[in-house]
Amino acid sequence: MPRATISARISTVWSLTLQFSGWWAEDPARPTVRSTARQRPERCEIAEDGSAVIRYDADRDVLTFVPVDGGGEPGEEGAAVVTARRGHWCLTNLHAEDSCFVENMEGGGGEFIKVPPRRRDTPIPFELARLVLAVPRGAGLVNIFGPEPPYLATAANADSAALPARVTNWPRLDERALYFRVLVALCEPQLRGGPPGAVPTVGEVIERLNGGCRPVGMTRAAVNHHIEYLANEKLRVAEWAGLTEGKRSYWKREAIVALVLRAGLVGERHLRLLPPRRVTAGQRPAPPPAPVRRPPLRR
């Protein structure tokens with residue numbers, strides 16, 4: 001068995017970048033970010049073991065960052081404290097009543113971590129994250145960019161022919177099968193940034209798979225058959241979710257989506273298996289989401 005070594009992707013300079021990105025919209029049904037292009041965005045870079053206090057500047061209507069010297073105490077003036085560690089970062093919630101949460105900006109699985117009031121040094125493993133923080137102005141958004149995390153890799157001098165075959169303990173899913181396309185259609189809203197509870201109905205899955213220039217000819221009976229097969233045979237979500245018959249009719253769709261997204265069995269790379277979205281007359285296609293760009297690393 002070859003030794004596992006730490007990947008060479010570890011950066012020689014470890015730092016964390018914080019950037020204020022706007023305010024959560026007042027309409028909870030569509031959480032968009034207000035533009036801050038009229039002013040220079042607030043930004044702060046933290047070295048390893050350094051910290052920064054996040055405060056609300058009412059005069060400028062922005063969240064600001066106040067660096068704290070290594071080993072120093074952040075005090076109580078502010079909303080939260082971010083501390084850079086090697087391989088992760090920590091969040092301290094200074095508020096006595098309000099929780100805050102951190103969203104993972106990668107993967108599309110709806111991952112988030114809630115930090116309760118007064119919780120200190122909560123470890124956050126997300127490389128690219130969005131902190132949603134309640135302040136007197138409203139809910140502010142802070143994008144947090146960390147370096148690429150280290151991974152284990154096989155030794156460079158190991159003979160690849162001697163390595164054992166890759167074996168997964170999760171159920172094997174055939175990406176060429178029709179049931180997998182049904183599964184991707186069920187996961188698509190969350191993979192595209194929708195809320196964790198966004199699971200399409202059977203009718204919406206049929207419309208999605210039969211749309212575009214290459215419809216697959218799905219019927220309601222066929223979609224229900226694939227969902228039953230995934231829930232009862234491939235994934236066995238009743239055992240995983242602790243659910244039994246008699247629950248609401250759509251629990252299987254929700255349990256399937258929750259399991260495969262958490263286990264990484266379906267990801268953004270699988271969206272290519274779906275037909276292109278159909279654009280009706282008079283409807284403009286939605287602009288593609290802006291890519292998340294990592295700020296340049298200062299050396």
Side-chain angles (χ1 to χ4, degrees), residues 1-19 45-51 70 82-92 101-115 119-131 143-176 180 183-184 187 190-191 193 196 234-237 240 256-273 291-299:
M1 179 69 67
R3 287 189 310 166
T5 60
I6 297 296
S7 170
R9 294 175 60 191
I10 300 179
S11 174
T12 57
V13 179
W14 208 101
S15 66
L16 199 67
T17 301
L18 284 65
Q19 181 171 314
E45 188 167 334
I46 310 173
E48 183 178 354
D49 293 329
S51 300
V82 173
T83 303
R85 305 292 187 196
R86 178 164 292 275
H88 69 284
W89 52 279
C90 296
L91 179 65
T92 297
F101 60 93
V102 182
E103 300 174 319
N104 187 5
M105 296 170 65
E106 293 186 304
E111 297 176 310
F112 73 95
I113 295 176
K114 183 176 71 172
V115 182
R119 176 65 161 87
R120 180 167 184 167
D121 290 336
T122 302
I124 308 295
F126 304 148
E127 174 190 355
L128 299 178
R130 178 182 291 114
L131 169 61
N143 291 340
I144 301 178
F145 306 88
E148 293 187 1
Y151 289 94
L152 293 175
T154 56
N157 57 355
D159 183 7
S160 59
L163 295 179
R166 294 184 178 180
V167 178
T168 176
N169 293 315
W170 289 111
R172 291 185 176 273
L173 301 178
D174 185 358
E175 298 183 7
R176 301 167 298 179
F180 193 82
L183 184 58
V184 175
C187 297
Q190 295 186 42
L191 290 174
K234 296 295 290 185
L235 302 175
R236 299 185 183 274
V237 293
W240 172 77
I256 287 170
V257 171
L259 177 59
V260 298
L261 290 180
R262 294 179 188 183
L265 301 178
V266 175
E268 294 178 354
R269 66 188 183 279
H270 295 120
L271 293 175
R272 58 180 175 79
L273 298 175
V292 178
R293 300 187 180 276
R294 189 188 307 278
L297 184 64
R298 296 181 182 178
R299 299 185 180 275

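Treat the numbers as computed from the prediction; the structure is a model and nothing was measured.
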Peer 1: Using the test side chain to side chain donor-acceptor pair (under 3.5 Å), find all partners of N169 that sit at least two apart in sequence or belong to another chain.
Peer 2: none
Peer 1: Looking at every heavy atom in both C90 and P123, which two are closest together, and how far apart are they?
Peer 2: SG-CA, 4.2 Å
Peer 1: Please determine which of I144, N143, I124, V115 meets the side chain to side chain contact (heavy atoms under 4.5 Å, CB included) test together with L131.
Peer 2: I144
Peer 1: What are the two closest non-hydrogen atoms of P147 and S15, and how far apart are they?
Peer 2: CD-O, 3.1 Å
Peer 1: Calculate, to the nearest 0.5 Å, the distance between atoms CD and CG belonging to E103 and L128 respectively.
Peer 2: 13.0 Å
Peer 1: What pairs with A263 under side chain to side chain contact (heavy atoms under 4.5 Å, CB included), at least two apart in sequence or on another chain?
Peer 2: W170, L265
Peer 1: Return yes if some donor-acceptor pair links the side-chain N/O of T92 with the main-chain N/O of D121 below 3.5 Å, else return no.
Peer 2: yes
Peer 1: State, yes or no, whether a side-chain contact exists between Q190 and V257 at a heavy-atom distance under 4.5 Å.
Peer 2: yes
Peer 1: With heavy-atom distances below 4.5 Å as the criterion, would you say the side chains of I46 and W89 are in contact?
Peer 2: no
Peer 1: If you round to the nearest 0.5 Å, how far is CG of L16 from CZ of R85?
Peer 2: 11.5 Å
Peer 1: Can you name the residues that form a ring-ring contact (aromatic ring centres under 6.0 Å, His included) with F180, not counting sequence neighbours?
Peer 2: H270
Peer 1: Do L191 and V266 have side chains that approach each other closer than 4.5 Å (heavy atoms only, starting at C-beta)?
Peer 2: yes
Peer 1: Any side-chain heavy atom of F126 sitting closer than 4.5 Å to one from M105?
Peer 2: no
Peer 1: Measure the shortest side-chain to side-chain distance between L261 and C187 over non-hydrogen atoms and say whether it is less than 4.5 angstrom.
Peer 2: yes
Peer 1: Kindly give the heavy-atom pair with the smallest separation between F112 and F101, and that separation in Å.
Peer 2: CD1-CB, 4.3 Å
Peer 1: Who pairs with R269 by side chain to side chain donor-acceptor pair (under 3.5 Å), at least two apart in sequence or on another chain?
Peer 2: none
Peer 1: Mind checking salt bridge (charged side-chain N to carboxylate O under 4.0 Å, His left out) for E48 and listing every partner two or more places apart, or none if nothing turns up?
Peer 2: R86
Peer 1: Under 4.5 Å between any side-chain heavy atoms of K234 and L173, yes or no?
Peer 2: yes
Peer 1: Return the set of residues passing salt bridge (charged side-chain N to carboxylate O under 4.0 Å, His left out) with R119 (not counting sequence neighbours), or none when no residue passes.
Peer 2: none
Peer 1: Is the closest side-chain heavy-atom distance between L235 and V260 below 4.5 Å?
Peer 2: yes
Peer 1: As a quick check of understanding, evaluate side-chain contact (heavy atoms from CB on, under 4.5 Å) for E106 and E127, giving each step before the final call.
Peer 2: CA-CA 8 Å; E106 293 186 304; E127 174 190 355; 3.5 Å; yes
